[in-house]
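Okay, structure first, notes after.
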4 protein chains.
Amino acid sequence: MAESERMRRRKEEKRDQILDAARKLFLERGYSSTRMEDIARDADLAIGTLYLYFENKNEIYASLCEDGLAILDKLFARAAKEGNNCWEKMEALAKVNLRFYRKHRNYYDIVTFVFAGLKPEDLSAALREKIVNRINGILNHLEEIIREGMEAGDMRAGDVEETALILWSAVLGMVFVDQAGFMEGLGRNLNSVAVASMGMAFRGLKA
Amino acid sequence: MAESERMRRRKEEKRDQILDAARKLFLERGYSSTRMEDIARDADLAIGTLYLYFENKNEIYASLCEDGLAILDKLFARAAKEGNNCWEKMEALAKVNLRFYRKHRNYYDIVTFVFAGLKPEDLSAALREKIVNRINGILNHLEEIIREGMEAGDMRAGDVEETALILWSAVLGMVFVDQAGFMEGLGRNLNSVAVASMGMAFRGLKA
Amino acid sequence: MAESERMRRRKEEKRDQILDAARKLFLERGYSSTRMEDIARDADLAIGTLYLYFENKNEIYASLCEDGLAILDKLFARAAKEGNNCWEKMEALAKVNLRFYRKHRNYYDIVTFVFAGLKPEDLSAALREKIVNRINGILNHLEEIIREGMEAGDMRAGDVEETALILWSAVLGMVFVDQAGFMEGLGRNLNSVAVASMGMAFRGLKA
Amino acid sequence: MAESERMRRRKEEKRDQILDAARKLFLERGYSSTRMEDIARDADLAIGTLYLYFENKNEIYASLCEDGLAILDKLFARAAKEGNNCWEKMEALAKVNLRFYRKHRNYYDIVTFVFAGLKPEDLSAALREKIVNRINGILNHLEEIIREGMEAGDMRAGDVEETALILWSAVLGMVFVDQAGFMEGLGRNLNSVAVASMGMAFRGLKA
DNA sequence: CATGAATGAGCCTTCATTCAT
DNA sequence: AATGAATGAAGGCTCATTCAT
């Protein structure tokens with residue numbers, strides 16, 4: 001029992017080794033420029049070992065997406081409980097989002113891949129559904145806050161879902177611009193742009 | 001002279017044939033799943049001919065990006081002159097942007113690739129500079145309008161460049177979400193979301 | 001026209017180069033120990049070229065089988081017309097068979113592969129049907145002779161098809177034993193064994 | 001003693017488990033399509049255990065061949081004693097052969113592999129010698145009967161070894177044709193063909 | 001003895017690029 | 001200028017074998 005528990009954990013660890021290496025490399029060089037051999041070397045494993053933990057290269061990528069969104073979902077769920085009103089809650093979400101992006105940038109990068117890097121057809125139906133569910137989960141946290149804000153009269157009435165979608169896509173947009181190196185190229189920094197952006201959004205949403 | 005003129009035009013035409021085919025295929029299947037042979041067949045040319053007009057596959061892709069942004073830049077330049085105040089001008093820009101996205105979706109898609117699909121290292125330094133310049137050009141149109149709005153007292157004072165960057169990245173974010181099929185998946189449509197988004201932004205920007 | 005004719009012939013030639021190399025190597029080392037690289041080297045072609053003429057390794061093998069049986073079928077058809085009675089005709093067939101085996105041993109070897117080397121499941125349904133048809137064709141020549149012999153009263157009455165099958169499988173048996181090197185190992189030679197075998201068979205068949 | 005005896009038997013049993021699994025799989029899928037893992041799973045053992053009983057995959061195959069021929073040899077030895085004259089004895093051999101083929105088809109199939117499936121080079125020198133010896137043993141039984149038949153004047157005089165070889169290869173030929181599925185494909189059955197074949201052979205051999 | 005996770009050499013296949021015509 | 005057959009480097013994946021437990 002204890003034995004199998006240790007085994008399970010070691011297996012989990014090795015899986016993570018692989019994902020860590022893959023995440024780093026996919027982002028550094030892109031999906032198709034990353035060879036299985038590279039991932040193996042970076043994870044200090046043999047090529048064959050990768051195939052003990054994942055069906056194929058695409059499955060590694062898929063796991064990366066799923067895991068990234070799962071973590072973000074969990075963080076959002078926790079953050080959504082902080083704050084006394086809709087503004088504080090949204091600020092909490094934004095902070096969590098930025099912190100996650102800074103600390104686990106690779107994860108976030110992978111998430112954005114889903115939107116732009118791999119064409120939808122490359123994703124297995126099952127993975128696609130998982131991802132859509134995760135994104136819906138994330139949006140749900142936002143919607144909940146927005147709904148409360150509108151009901152409390154803090155926020156001007158409007159389409160809850162649409163508002164959440166707008167805010168979420170604005171966040172993604174900034175992240176993309178930052179990832180592509182244009183934020184830096186234009187002498188800006190994501191953090192301050194995000195703060196300003198939030199200010200603008202809040203003013204636009206105020207009742 | 002007339003001879004060389006006709007030659008030039010024919011050459012131009014063939015180049016466009018190639019780009020048209022490549023644009024369509026890159027978007028349908030992604031960059032690495034599109035083979036030179038596919039592009040050749042779609043363009044009704046031989047493989048070898050592609051190499052008479054482009055150094056290599058990556059150059060085709062690069063040209064696509066450049067051309068797309070150049071067109072968008074031109075459209076923005078024209079649109080920026082319409083409208084009597086900053087709100088009308090920005091609306092004009094937004095409309096142009098949406099129309100371009102709808103009509104030349106392939107072009108726009110290619111443009112977004114620059115942000116997420118190909119890693120910066122894949123772009124030659126020269127192309128990268130061109131693209132940054134184009135984006136700066138596009139942002140300049142926005143900045144000009146924002147500056148006028150602030151100076152006219154229509155728009156609350158603030159950092160012009162930053163504001164432009166926020167708006168631009170919000171637009172990109174929506175486009176990404178749409179491209180990834182999530183807009184449709186969530187039962188929304190880019191057009192109405194864009195209108196709502198603009199409303200929110202304008203309220204947030206109002207003096 | 002003449003151009004395309006020359007092209008066709010050259011293409012045919014290259015196909016044959018590949019088949020020649022593959023036939024030799026498959027027999028020397030067996031199917032799975034023969035690498036595409038080996039075939040390419042032996043055919044003085046690049047690996048990629050093999051794939052211009054054949055879908056994959058298995059298709060090369062399949063072609064070998066088909067071609068071998070087609071040639072044998074043709075030879076049998078011609079030989080079946082020689083000779084004045086059933087005994088002479090059967091002798092003609094046997095001679096042709098032996099000569100073909102000696103001169104194109106590789107071909108014959110490949111043919112026997114069908115019976116023992118590759119399991120039926122490895123053969124595509126289409127190829128399998130072709131092969132069965134060829135074998136039926138070959139058996140038909142034998143049956144025709146046997147039928148004539150029986151009708152002429154030279155040969156004792158019996159089941160025509162069964163008799164053909166017995167003779168054909170006896171031939172295959174000898175060839176297998178020879179191929180496996182046991183004929184030589186036992187200090188015998190296929191030719192004389194075949195002659196003796198034919199003698200025994202004829203006596204067993206005589207009316 | 002008793003201890004080591006039980007050990008020996010258990011060891012023997014496990015060896016047989018492996019051989020049983022391997023025999024079945026080699027015949028179902030062919031040698032190279034059968035993975036060590038498959039054999040292990042089928043034998044309810046771990047992969048590593050296979051290597052405690054056999055040097056490598058090829059050795060398993062080799063043992064299969066040897067064992068199969070050893071059994072056949074033993075059966076032939078016994079059968080050769082039955083019957084009062086050469087015809088009855090040969091019939092006894094044929095019957096034993098057919099029964100063995102029907103009951104232990106896998107074994108027989110493996111034996112035929114030696115002739116066609118694996119190239120001679122794949123067999124270690126030692127195994128090859130063993131196999132040749134076994135085949136000689138089998139042929140010896142036949143030769144003995146033939147010699148007696150000739151000496152008794154029942155059988156027409158001739159080369160004893162050659163006659164045995166002819167009969168043996170005819171048997172193999174029929175088996176191959178059956179194994180390859182062509183007997184069935186042609187609507188025949190090995191048993192009746194064998195009987196007819198024996199009739200023809202006996203008539204051909206009669207003094 | 002038994003296990004099965006780990007290894008990594010090896011092979012089929014793809015496809016960007018070249019070059020003789 | 002145009003062609004497309006030929007090239008061969010490169011990479012995903014398999015599986016016989018090993019070895020630490």
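Sequence lines set the chain letters: A, B, ... in the order given, protein chains first and strands last, and positions in each chain run from 1. Reckoned from all heavy atoms, side chains included, excluding hydrogens, waters and symmetry mates. Since the structure is predicted, the reported quantities are computational estimates derived from the model, not experimental observations.
Residue D:Ile60 holds its CD1 atom at 9.5 Å from CZ of D:Arg15, rounded to the nearest 0.5 Å.
Contacts of C:Thr34 with the nucleic acid, taken as non-hydrogen atoms under 4.0 Å apart, involve only primed sugar atoms and P, OP1 or OP2.
At a threshold of 4.5 Å between non-hydrogen side-chain atoms, the residues A:Arg41 and A:Asp38 count as touching. Residues A:Leu52 and A:Lys14 fail the side-chain proximity criterion, which asks for heavy atoms closer than 4.5 Å. Inter-residue side-chain proximity for C:Lys57 and C:Phe26 is flagged as met; some heavy-atom pair is nearer than 4.5 Å. When side chains are defined from C-beta on, D:Phe54 counts as touching D:Leu19, because their heavy atoms get closer than 4.5 Å.
For the pair C:Gln17 CD and F:dA5 C1', the interatomic distance rounds to 13 Å; values are reported in whole Å. To the nearest angstrom, P of E:dT13 lies 17 Å from CD of B:Glu37. Atom CG of B:Leu45 and atom C1' of E:dA16 are 17 Å apart (whole Å). Look at CD1 on D:Ile39: it is 16 Å from P on E:dG4, rounded to the nearest Å. Look at CD1 on C:Ile18: it is 10 Å from P on F:dT7, rounded to the nearest Å. The distance between atom CZ of B:Arg41 and atom P of F:dA2, rounded to the nearest whole Å, is 20 Å. The NZ atom of A:Lys11 sits 12 Å away from the P atom of E:dG4 (whole-angstrom rounding). Between the C1' atom of F:dA9 and the CE atom of C:Met36 lies a distance of 16 Å, rounded to the nearest Å.
Closest to the side chain of D:Lys14, out of F:dT7, E:dT7, E:dA2, is E:dA2. Distance from the side chain of C:Arg35 is smallest to E:dC11 among E:dC11, F:dC15, F:dT7.
Salt bridge status for A:Asp67 with A:Arg23: absent, with no side-chain N to carboxylate O gap under 4.0 Å.
When atom types are taken as modelled, the side chain of B:Thr34 and the backbone of B:Leu25 share a donor-acceptor pair closer than 3.5 angstrom. Remark: side-chain polar atoms of A:Tyr31 are paired, donor with acceptor, to backbone N or O of A:Asn58 under 3.5 angstrom.
With sequence neighbours excluded, no residue satisfies side-chain hydrogen bond (donor to acceptor under 3.5 Å, both in side chains) with D:Glu12.
In the region residues 46-57 of chain D, proximity to DNA chain E at under 4.0 angstrom, judged on heavy atoms, holds for D:Ala46, D:Ile47, D:Gly48, D:Thr49, D:Leu52, D:Tyr53.
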- Task: Dot-bracket notation for DNA chain E is requested: 5' to 3', Watson-Crick or G-U wobble pairs only, both distances under 3.5 Å, with ( ), [ ], | and . as defined.
- Result: .||||||||||||||||||||
